[in-house]
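Keep in mind the model is a prediction, meaning the values are calculated, not measured. Sequence lines set the chain letters: A, B, ... in the order given, protein chains first and strands last, and positions in each chain run from 1.
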Number of protein chains: 2
Amino acid sequence: MNIKDIANKCNLSVATISRVINNDPKVADSTRKKVLSVIDKYKFVPNITGRSLRTQKSNKILVLLPTMSNQFYSEIIQGIEETAEEKGYAILVAVTNLQEHQEIKYLHMLRMKHVDGCISLFNTIEADAITSLAKNYPFVQCCEPTMNADVSSVEINNRQAVYDVVKQFIDKGHKTIGMISGDYYKTSELGRETGYQDALRDYGIKFDKNLVVKNFYRYEDGAIGAKKLMAYKPRPTAIVCASDSLALGATSYLKSQGIKVGVDVCVMGFDNTSITTYTSPTLSSINQPRYDLGKESFKLLYEKLQDINSVNKKIILPFQIIHRESTGCDN
Amino acid sequence: MNIKDIANKCNLSVATISRVINNDPKVADSTRKKVLSVIDKYKFVPNITGRSLRTQKSNKILVLLPTMSNQFYSEIIQGIEETAEEKGYAILVAVTNLQEHQEIKYLHMLRMKHVDGCISLFNTIEADAITSLAKNYPFVQCCEPTMNADVSSVEINNRQAVYDVVKQFIDKGHKTIGMISGDYYKTSELGRETGYQDALRDYGIKFDKNLVVKNFYRYEDGAIGAKKLMAYKPRPTAIVCASDSLALGATSYLKSQGIKVGVDVCVMGFDNTSITTYTSPTLSSINQPRYDLGKESFKLLYEKLQDINSVNKKIILPFQIIHRESTGCDN
DNA sequence: AATATAAATGTAAACGTTTAAATAGGAGGA
DNA sequence: TCCTCCTATTTAAACGTTTACATTTATATT
């Protein structure tokens, strides 16, 4: 069953059928009605490959994901998916597992026109490559815009988030505040670490690099970080972490040492993944508006899909600091 | 740059170029060499849409996922992806969020030929619909084959897994063993619950339905289940759970009641997700060979892609029972 | 050398759409 | 009646491949 079959059943040419399908106003109401009824009767659906070949569009967009094992991305993708569907785009999720060759392989889908655009949740390739990619193809970065790249992006103000948390800690009387960060996601990391330093400086606490531990983002790195921080004199009474998994590892270490989390030492996570409410104590965290990060990313991409020369925008969405037991609750 | 351009550069017809691209042996070695060098020089890549239109194949397969927020699926998808890529197939991940209309929408991609086949990690639609789908399109179920449906599938022996765990508990002297299960994934659930009952029966312990709690698969349902089980007289000394999240919820409740997990009460999870090693105590669990579940699923699908009438196979892969602190370790 | 056979290459149709350009059919005006 | 303008519709080309079939060229056989 193709457009020609429908045309025959209607005693019309394929062109008219195509016009009906594509809501072209240049078709008589009576004709349109007849065609639609036949299409409905035979449950005809236009072949997307034929259409793609002719229009040179795939109506698919690629979502590039660093890993599937981070719960954080789930809701972002949902935001992208639902917004994309409204505009008739399907999404195709690809996972790079943080490997550059995988990233390059999947980005090739843009050049090969397998997809019309791409939203990337993380890139390893360098800024110039991103800039040139974004100049030639609809491309948007979500959460982790590459530094110094000219590209549309959506993120939160990572610096401000940690700044605000540290300020709150200082306001509550904490004098020694540690930070456990990672060493991979360059942009957000730098923002978060800068926020930490800026808040200390603005509120008259001298920065000591020994109070910042950087490893990877695994649970065990959080424990390692906490151990190192607890050896610092005077012992920190608050720790801000660059991810929930780090915070979780940190609390587990603290608990193992008989240190009461939320009482002796306050711990703040990042991303507000669902695990935060499953742990004991429940984990305070900084919430990113995940659904909206996805949604706005697609909206930016859509502008590029309409006009590749439209100006690059940087969108900053609001975050929320959510207090739970690990910071002594209810602030 | 298309196949015609290459043909012109080579002073050959498009047919010959196409033959070279598709490794058709009917082309002279010298010609092949020349064509390949030109293809390489201009970095020509055949247009996949044109090819798809002509061959009536998309070389894409759909992976249908119930949710993105379950870490369990990540490695399965990797197994599918890597195996699929070897055969020249790309994968397209779609998430149903456990909604039937989403499932139907995505399965439609099969009928519309947007994808050549589908591996589904979970289906809500009824057995007859699955059977008929599988008869007409390459379709494989992974982990959760629909009961009474005639379809290729890959899974572990869920019944045996729980049977073995319960037997181990009994061998260790446990007399009262509870189970916390869910009420959604019909097939694996039934298997696991049957394994529980069968082991009790085979080793002379009377089954009491009050020792099986069924809710959903959320963390909090695990806590609710544990609470109910702890009210049972005599108090159970072991609990087997149908998922790690349930087990986690259960241990959190037990801990909150001052009950020592792994000493007073042993807890066994299911799926061996990475969270098992992050908790305190670390969580014993039943490991499913996730990568291989994905890999074998694709291999089954590939058989169907070659010949839709090939016989339906049911593959059972081995599981492992992994003891950690929550069952008193090191067995 | 003439012919038969095999190998290499070319020709053209086909896949299912969309869309510019051509055409038909009316309505209205003179 | 004829002409002009619309509007609705058709025609046919185009998108980039693959592939059955036709043709050419090379090789082997007599």
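A donor-acceptor contact shorter than 3.5 Å is absent between the side chain of B:Gln141 and the backbone of B:Val151. Side chain of B:Asp292 to backbone of B:Lys295: no donor-acceptor contact under 3.5 angstrom is found. The backbone N or O of A:Lys26 lies less than 3.5 Å from a partner atom in the side chain of A:Asp24, making a donor-acceptor pair.
When the P atom of C:dA14 is taken as reference, atom CG of A:Asn2 falls 13 Å away, rounded to whole Å. Straight-line distance from the NZ atom of B:Lys34 to the P atom of C:dA8: 14 Å, rounded to whole Å. Note: NZ (A:Lys26) to P (C:dA20) measures 13 Å, nearest angstrom. Between the CD1 atom of A:Ile17 and the P atom of D:dA8 there is a distance of 16 Å, rounded to whole Å.
Applying the 3.5 Å distance criterion, the base of D:dG16 shares no donor-acceptor pair with the side chain of A:Arg54.
Backbone-only contact: B:Asn11 has heavy atoms under 4.0 Å from sugar-phosphate atoms and none from a base. Base contact: A:Ser18 has a heavy atom under 4.0 Å from a base atom. Nucleic acid contact for A:Leu12: sugar-phosphate only, since backbone atoms but no base atoms lie under 4.0 Å from a heavy atom of the residue.
If you find the closest nucleotide of DNA chain C to B:Gly50 and to B:Pro25, the one lying nearer the 5' end belongs to B:Pro25. Two residues, B:Ala28 and A:Leu53, neighbour DNA chain C, and the one matched to the more 5' nucleotide by heavy-atom proximity is B:Ala28.
Look at A:Asn47 and you won't find any side-chain N or O under 4.0 angstrom from OP1 or OP2 of C:dG16. OP1 or OP2 of D:dT18 lies within a sub-4.0 Å distance of a side-chain N or O belonging to B:Arg51. Proximity of A:Thr31 to the phosphate of D:dA8: no side-chain N or O atom is located under 4.0 Å from OP1 or OP2. The side chain of B:Thr16 places no N or O atom within less than 4.0 Å of a non-bridging phosphate oxygen (OP1 or OP2) of C:dT9. Between C:dG16 and B:Gln56, a contact under 4.0 Å exists linking OP1 or OP2 to a side-chain N or O. Between B:Asn22 and D:dT18, a side-chain N or O to OP1/OP2 separation shorter than 4.0 Å is present.
With C:dA20, C:dA7, D:dT19 as the candidates, the nucleotide lying closest to the side chain of A:Arg19 is C:dA20.
Checked for salt-bridge contact, A:Lys299 and A:Glu296 meet the test: a charged N lies under 4.0 Å from a carboxylate O.
Each of B:Phe122, B:Tyr185, B:Phe72 was scored for a ring-ring contact (aromatic ring centres under 6.0 Å, His included) with B:Tyr217, with one residue passing: B:Tyr185.
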